[in-house]
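Any value given below was found using the heavy atoms of this structure, including those in side chains, with hydrogens, waters and symmetry copies removed.
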Amino acid sequence: MNIALVEDDAQEAEIMIKYIKRFGDENSFAFDVTRFRNAEDFLHAYKHSYYSIAFMDIDLPGIGGIDAARSLRSRDDCITIVFVTKMAQYAQKGYEVNALDFIVKPIGYSEFKLKMRKAVNVARSREIKSVLVPVNSGFCRISIDKLVYVEVMGHKLKYQLVDEEIEARGTLGEVEKKLDGCGFLRCNSCYLVNSRYVNKVRGNEVDVGGHVLKISHPKRKAFVEALMEIFTGGGDDF
């Protein structure tokens with residue numbers, strides 16, 4: 001799990017990195033921590049990087065933590081934000097940007113461990129709601145809630161969303177692994193469909209969010225059985 005630590009104080013950053021490593025060792029979990037000394041560097045790097053959790057100092061040089069979080073939220077609804085501050089009263093503003101929690105300095109490990117466990121659990125639950133896909137210009141994060149189906153076209157993939165189409169690189173098998181347990185099913189070798197958008201199955205056709213797709217004869221039985229299991233409450237939880 002990638003973690004961003006936005007902290008200008010070197011000593012405080014060292015403590016946080018030590019605590020994160022300790023938590024990972026105790027829970028058999030691997031973390032890759034990147035420290036940023038100011039919000040400007042973090043926001044610039046975020047154009048090219050993906051972090052599950054951001055620990056953000058509120059009192060930063062230049063752009064403050066609250067304003068930085070507002071800018072971040074305009075691009076990313078999923079990242080888990082935890083504020084770190086000496087001023088607890090200002091941390092309350094964090095809820096305006098949907099921050100998960102805040103940690104008051106000086107930081108003790110007992111408090112940190114509780115906040116970290118909460119952040120990791122929330123981040124993991126959010127990860128299943130989005131998928132990062134490679135596109136020509138870099139990467140694009142797609143909300144699973146808006147993903148209707150994925151179609152393979154030669155050596156490219158088309159992600160059909162509710163309101164747009166995105167072409168990307170990769171194979172349908174790779175996408176199927178990423179979306180395992182999220183209610184996506186193969187109706188034939190070309191399509192991976194989101195069961196949430198299945199409106200109707202008739203013969204060898206399935207209506208998925210208003211798009212009529214073909215069901216291959218070899219996959220029809222397994223496809224319909226899997227749909228029924230999901231619709232009757234048999235789908236997997238995270």
Side-chain angles (χ1 to χ4, degrees), residues 1-61 64-66 68-69 72-73 75-88 90-92 94-95 97-134 138-139 141 144 174-175 177-182 236-238:
M1 183 176 288
N2 297 324
I3 295 178
L5 173 59
V6 190
E7 172 61 73
D8 62 313
D9 187 298
Q11 186 175 0
E12 296 286 355
E14 185 178 345
I15 292 171
M16 286 289 291
I17 292 170
K18 181 177 70 174
Y19 284 173
I20 292 169
K21 183 180 185 305
R22 178 177 171 183
F23 182 89
D25 291 343
E26 291 175 353
N27 294 275
S28 300
F29 212 94
F31 298 106
D32 186 3
V33 183
T34 303
R35 181 210 169 187
F36 299 91
R37 291 172 174 79
N38 57 67
E40 289 91 337
D41 289 347
F42 169 60
L43 293 173
H44 175 73
Y46 206 81
K47 297 175 183 177
H48 313 288
S49 303
Y50 168 64
Y51 299 96
S52 299
I53 302 172
F55 287 101
M56 182 98 61
D57 189 10
I58 288 181
D59 187 19
L60 291 167
I66 298 294
L72 180 60
R73 275 286 176 252
R75 306 181 223 170
D76 190 337
D77 290 331
C78 293
I79 187 170
T80 300
I81 300 173
V82 179
F83 284 112
V84 184
T85 179
K86 292 180 180 178
M87 302 168 288
Y90 294 115
Q92 301 298 328
Y95 297 112
V97 292
N98 195 26
L100 175 69
D101 213 330
F102 63 92
I103 301 174
V104 179
K105 300 178 181 180
I107 304 165
Y109 183 69
S110 295
E111 179 190 7
F112 172 83
K113 180 170 64 174
L114 294 174
K115 309 281 185 174
M116 184 66 176
R117 179 171 288 112
K118 180 180 178 182
V120 168
N121 287 338
V122 170
R124 292 181 71 186
S125 69
R126 286 176 176 174
E127 281 180 352
I128 202 170
K129 295 179 182 177
S130 64
V131 61
L132 200 66
V133 300
F139 289 88
R141 183 150 62 172
I144 289 176
E174 291 170 345
V175 178
K177 288 179 181 178
K178 287 183 180 180
L179 298 175
D180 183 39
C182 300
D236 293 335
D237 292 328
F238 179 77

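Once rounded to the nearest 0.5 Å, the distance linking CG of N38 with CD of E7 reads 11.5 Å. Residue I81 holds its CD1 atom at 9.0 Å from CD1 of I66, rounded to the nearest 0.5 Å.
The local environment of CD in E111 is crowded, with over 12 non-hydrogen atoms from other residues, nucleotides or ligands closer than 6.0 Å. Shown here is Q11, whose CD atom has no more than 12 heavy atoms of other residues, nucleotides or ligands within 6.0 Å. For R73, the CZ atom is densely surrounded, since the number of other residues' heavy atoms within 6.0 Å is greater than 12.
The closest side-chain heavy-atom distance from Y109 to R22 is below 4.5 Å. When side chains are defined from C-beta on, I58 does not count as touching F102, because their heavy atoms never get closer than 4.5 Å. In this structure, the side chains of V97 and F83 come closer than 4.5 Å at one or more pairs of heavy atoms. Side-chain contact between D59 and K105: absent, with no pair of heavy atoms (C-beta onward) separated by less than 4.5 Å. Residues I53 and T80 form a side-chain contact, since some pair of their non-hydrogen atoms from C-beta on lies under 4.5 Å apart. Between M56 and T85 the shortest side-chain heavy-atom distance does not fall below 4.5 Å. For the pair F29 and M1, the minimum side-chain heavy-atom distance is below 4.5 Å. Counting heavy atoms from C-beta on, the side chains of F112 and I20 come closer than 4.5 Å.
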For the pair V33 and F55, evaluate side-chain contact (heavy atoms from CB on, under 4.5 Å) and give the outcome as yes or no after the intermediate values. CA-CA 10 Å; V33 183; F55 287 101; over 6 Å; no
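A pairwise comparison of heavy atoms in L5 and M16 identifies CD2-CB, 3.8 Å as the closest pair. Among all heavy-atom pairs drawn from A13 and R35, the shortest one is CB-NE, 3.6 Å. In this structure, F36 and A4 approach most closely via the heavy-atom pair CE1-CB, 4.0 Å. Shown here for I79 and R141, the closest heavy-atom pair between the two residues is N-NH2, 4.3 Å. Listed here is the closest heavy atom pair of L60 and A39: CD1-CB, 4.1 Å.
Aromatic ring orientation, F23 versus F31: tilted (interplanar angle from 30° to 60°).
Between the side chain of K178 and the backbone N or O of L132 there is at least one donor-acceptor pair closer than 3.5 Å. Under a 3.5 Å cut-off, the side chain of Y19 and the backbone N or O of I107 do form a donor-acceptor pair.
Checked against I103 for a side-chain contact (heavy atoms from CB on, under 4.5 Å), the options V82, L114, D57 give a single hit: V82.
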